[in-house]
Amino acid sequence: MLRTHTCGELRMTHTGLDVTLTGWVQHTRDMGGMTFIDLRDRYGITQLVFNMDNLPELCRESRKLGREYVIQVNGKVRERINKNPNLPTGDIEIEVMAFKVLGVSEIPPFTIENNTDGGDEIRLKFRYLDLRRTVLKENLILRHRMAMAIRDYLNREGFLEIETPFLIKSTPEGARDFVVPSRMNKHQFYALPQSPQIFKQLLMMAGYDKYFQLVKCFRDEDLRADRQPEFTQIDCEMSFVDKDDVLHVFEGMANYLFKEILNNVPANSFPRISYDEAMSRYGTDKPDIRFGMEIKELTPLVKGKGFRGFDEAEFAGAICAVGAAGWSRKQLDAITEFVRRPQVGAKGLIYVKYTEEGTTKSSVNKFFDDDSQKLWCEHAGANPGDLLLILAGSRKQTLTALSVLRLEMAERLGLREKKVFAPVWITDFPLFEWNEDENRFQAMHHPFTAPLDEDLHLLEKDPGKVRANAYDLVINGVEIGGGSIRIHTREVQQKMFRVLGFSDEEVQSQFGFFLEAFQYGTPPHGGIAFGFDRWVALFAGTESIREVIAFPKNNAGRDLMLDSPSYITESQLKELNIRLRE
RNA sequence: GGUCACGUAGUUCAGUUUGGUUAGAAUGCCGGCCUGUCACGCCGGAGGUCGCGAGUUCGAGUCUCGUCGUGACCGCCA
């Protein structure tokens with residue numbers, strides 16, 4: 001080894017010891033008579049001292065060391081005269097006797113410190129420099145610890161980690177596939193998996209009754225801060241289980257992570273809310289339940305008083321902002337503007353201030369008297385001092401807008417505390433949703449999701465009413481994972497494909513092998529998959545999963561460091577029998 | 001596929017509203033001074049195709065159009 005210790009481990013107990021350290025020059029402070037250097041490695045920072053009195057030649061040499069030079073130093077550990085309480089190694093320093101430059105460095109394009117001066121673009125281009133920063137380093141360490149804890153828990157629960165192929169087959173339904181041309185099979189393409197769904201079900205059929213995999217998945221769709229074209233799932237499947245069994249095992253896994261990683265267990269068992277209930281109480285299927293502020297319907301209370309905004313609306317709903325009756329005109333205008341943005345799409349915002357004196361003041365005073373406004377307040381659970389915010393319009397759009405408004409208000413009122421975690425299971429999703437563009441039903445989860453037993457008889461008569469035996473894990477408004485009990489008979493699976501509008505020929509060519517597999521003894525099974533990147537981001541306290549991925553892509557799917565994707569040569573194309581079209 | 005914002009020194013930004021002399025700041029970088037710093041301090045210096053292209057104008061960093069890049073969002077993401 002080129003070193004005897006790391007830059008994070010030396011303490012007072014090591015004083016007097018002769019040590020050799022290696023690392024990067026974080027910073028030099030040249031005082032004239034003496035020079036201090038902060039030496040950094042993965043483990044921390046240790047201060048080096050050079051002194052003109054002792055070794056003038058060495059001290060002069062040290063001034064030539066630039067930022068990010070890689071050096072090896074030999075010296076003695078000694079107690080500092082001025083200690084630095086902000087540094088774990090701040091009680092000691094190294095009196096350098098000799099050093100050697102192991103690698104010189106250009107001047108880095110941005111400063112490699114906690115508060116970097118670099119913007120997103122340049123940091124992605126020089127990702128290997130950005131990764132030297134403590135924030136990203138700690139995120140990657142967190143990711144590692146979580147991966148280890150997950151493997152540890154699932155291993156002890158008897159799960160086997162089994163790899164599945166990446167070069168597979170393009171199938172309809174779901175996200176757009178990334179495809180890979182096959183040189184040996186002219187004009188044919190593999191697809192990269194959107195998830196190992198079919199493989200894990202085949203593993204259940206093969207008798208591996210508890211499977212998991214930390215696995216890359218690929219979806220060729222447009223990106224967001226919480227979406228990358230390739231991302232990592234914790235993919236799990238179990239046989240001979242019902243919904244409760246699955247939820248129990250993975251509640252256990254979530255709590256194991258909370259305990260091992262954050263030392264903070266939110267609840268032994270997580271609340272469960274049906275999809276319908278989530279939609280009516282929160283306006284979304286991924287509610288943030290760290291705070292109340294639930295949506296209350298006011299439709300019957302507001303109709304018929306001549307206010308067109310209500311009279312013409314299918315639905316009117318309110319949320320109650322506790323203690324916000326004193327909000328200024330400016331604050332209310334800002335929040336009104338917020339809901340009127342095209343992304344939220346509300347026509348306007350009606351507010352009612354329920355004053356401390358017990359009277360009401362609203363933006364629709366002209367149409368409603370104090371008593372009726374008080375009635376709304378009571379209905380929505382508001383007390384004197386609270387602010388009622390009301391949106392009206394079509395039921396679906398208004399609920400969606402209220403859900404967005406609810407989050408925004410919570411943000412402004414400081415109710416979304418980073419260190420509080422509120423997990424919740426959302427259950428009983430609709431099995432299908434209607435696709436307006438294609439004029440057909442499509443699977444809300446995926447085509448292998450089992451209907452609830454009691455809704456099975458509706459499958460062909462009234463597919464829109466069928467509920468799925470499916471569940472999502474939502475933490476703090478972030479969809480962390482989702483899964484379902486799967487269809488395990490050929491008959492139901494075929495009915496499912498029929499409702500989705502597949503012809504028998506299409507089913508045969510796309511899923512023939514799968515239907516065939518059902519015929520050789522298929523156990524009842526179900527599972528779940530978690531977005532590992534999102535989970536790490538949640539624990540790291542960041543919204544962007546790029547912060548927890550070593551080498552992420554930008555929002556156009558480009559790798560700014562590699563400058564990929566890129567063109568390939570004519571000879572590569574020829575080998576693949578591919579001609580580019582305009 | 002669409003909407004919006006941004007693009008000025010190595011970097012992060014101001015300047016654009018109202019076109020007008022030599023485009024500024026901070027930080028970084030280079031040189032000098034400094035023996036207890038840790039956001040070291042002080043003095044001095046260098047550093048610019050205002051993304052690119054066209055247009056309007058006596059005159060464009062500033063206005064218009066196009067284009068490229070970056071970010072956020074809608075659609076999309078079973």
Side-chain angles (χ1 to χ4, degrees), chain A residues 26-40 45-54 56 59 63-64 66-68 78-87 89-91 93 95 106-126 129 171-177 194-195 197-198 217-229 231 341-345 400 404 429-433 435-437 441-449 468 470 472 479 482-484 496 500 529 531 543-544 546 553-558 560 563:
Chain A
Q26 169 91 10
H27 197 68
T28 50
R29 290 179 294 278
D30 176 7
M31 314 296 297
M34 60 196 307
T35 298
F36 299 99
I37 291 183
D38 289 338
L39 191 68
R40 182 197 72 237
I45 285 177
T46 297
Q47 174 167 284
L48 313 176
V49 196
F50 299 81
N51 196 308
M52 278 309 256
D53 290 344
N54 307 345
C59 192
R63 292 177 189 163
K64 295 180 188 158
R67 281 160 62 204
E68 301 306 316
R78 72 177 185 206
E79 186 175 3
R80 288 202 200 182
I81 295 168
N82 290 332
K83 299 185 178 176
N84 183 347
N86 301 319
L87 224 51
T89 61
D91 287 348
E93 64 194 0
E95 186 183 5
E106 296 289 312
I107 294 154
F110 52 89
T111 58
I112 298 169
E113 279 160 28
N114 287 356
N115 291 317
T116 178
D117 62 2
D120 289 341
E121 191 176 350
I122 196 156
R123 285 192 290 129
L124 280 175
K125 187 169 176 195
F126 295 92
L129 297 181
T171 53
E173 282 284 302
R176 196 177 294 116
D177 286 316
Q194 300 171 27
S195 84
Q197 184 61 33
I198 287 186
C217 300
F218 307 86
R219 293 178 189 174
D220 187 8
E221 296 291 348
D222 285 3
L223 308 176
R224 295 286 187 276
D226 64 347
R227 278 195 240 153
Q228 285 272 304
F231 61 99
R341 282 164 46 223
Q343 289 94 326
V344 184
T400 305
V404 178
F429 284 80
L431 188 58
F432 301 102
E433 57 193 345
N435 184 321
E436 292 285 347
D437 297 335
F441 281 109
Q442 64 181 41
M444 192 159 178
H445 188 48
H446 56 54
F448 315 107
T449 302
D472 276 1
E479 187 193 326
S484 60
M496 184 77 179
L500 292 171
E543 308 236 316
S544 169
R546 285 176 215 167
K553 294 176 177 56
N554 77 357
N555 72 346
R558 295 202 69 84
L560 296 177
D563 194 24

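Residue numbers begin at 1 in each chain, while the letters A, B, ... track the order of the sequences.
Across B/A23 and B/G48, the matching C1' atoms stand 9 Å from one another, rounded to whole Å. Comparing B/G24 with B/G71, their P atoms are spaced 31 Å from each other, to the whole Å. Between B/U21 and B/G59, the two C1' atoms lie 12 Å apart (nearest whole Å). Across the P atoms, B/G45 and B/G36 are found 28 Å apart, a figure rounded to whole Å. A gap of 11 Å separates the P atoms of B/U64 and B/A5, to the nearest Å. The P atoms of B/G28 and B/C38 are separated by 14 Å, rounded to the nearest whole Å. Spacing of C1' atoms, B/A46 relative to B/U27, comes out at 15 Å, to the nearest Å. The P atoms of B/G61 and B/G1 are separated by 34 Å, rounded to the nearest whole Å.
Checked for salt-bridge contact, A/Arg78 and A/Glu93 meet the test: a charged N lies under 4.0 Å from a carboxylate O. Between A/Arg546 and A/Asp120, no side-chain nitrogen of the basic residue sits less than 4.0 Å from a carboxylate oxygen of the acidic one, so the salt-bridge criterion is not met. Salt bridge status for A/Glu68 with A/Arg40: present, with a side-chain N to carboxylate O gap under 4.0 Å. Under 4.0 Å is where a charged nitrogen must lie from a carboxylate oxygen, and between A/Arg80 and A/Asp91 no such pair does.
Between the side chain of A/Glu93 and the base of B/G36 there is at least one donor-acceptor pair of N/O atoms closer than 3.5 Å. Under 3.5 Å, the side chain of A/Arg219 and the base of B/C77 form no donor-acceptor pair of N or O atoms.
Nucleotide B/G7 is matched to B/C68 when pairs are restricted to Watson-Crick or G-U wobble geometry with both distances under 3.5 angstrom. Judged by Watson-Crick or G-U wobble contacts below 3.5 Å, the nucleotide B/C63 has B/G55 as its partner. The base-pairing partner of B/G36, taking Watson-Crick or G-U wobble contacts with both distances under 3.5 Å, does not exist among the strands shown.
Atom CD of A/Glu433 and atom P of B/C77 are 8 Å apart (whole Å).
Taking for each of A/Arg29 and A/Arg67 the nucleotide of RNA chain B with the nearest heavy atom, the 5'-most of the two is the partner of A/Arg67. The 5' end of RNA chain B is approached more closely, in terms of each residue's nearest nucleotide, by A/Glu121 than by the other of A/Phe448 and A/Glu121.
At a cut-off of 3.5 Å, with distance as the only test, a side-chain donor of A/Arg29 or A/Gln47 sits close to an acceptor on the other residue.
As judged by a 4.0 angstrom heavy-atom cut-off over every strand, A/Gln47 is placed among the base-contacting residues. Looking at heavy-atom distances under 4.0 Å, A/Arg123 makes no contact with the nucleic acid at all. Backbone-only contact: A/Leu560 has heavy atoms under 4.0 Å from sugar-phosphate atoms and none from a base. Nucleic acid contact for A/Arg78: base, since at least one base atom lies under 4.0 Å from a heavy atom of the residue. Within 4.0 Å (heavy atoms only), A/Ile107 reaches sugar-phosphate atoms of the nucleic acid but no base atom. Using a 4.0 Å heavy-atom cutoff across all strands shown, A/Asp30 reaches at least one base atom of the nucleic acid.
Residues A/Thr449 and A/Leu431 are in side-chain contact: their nearest non-hydrogen atoms beyond the backbone lie under 4.5 Å apart.
Here the side chain of A/Phe36 is nearest to one of B/G75, B/A72, B/G36, namely B/G36.
Contact between the side-chain N/O atoms of A/His27 and the OP1/OP2 oxygens of B/U37 is not found at any separation under 4.0 Å.
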Between the protein and nucleotides 2-10 of chain B, which nitrogen or oxygen pairs come in under 3.5 angstrom?
unit_1: B/G10; atom_1: N2; unit_2: A/Asp117; atom_2: OD2; d: 3.4

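Remark: A/His27 engages no residue in a ring pair (Phe, Tyr, Trp, His ring centres under 6.0 Å) (not counting sequence neighbours). Scored by the ring pair (Phe, Tyr, Trp, His ring centres under 6.0 Å) test, A/Phe126 finds no partners at all (sequence neighbours excluded).
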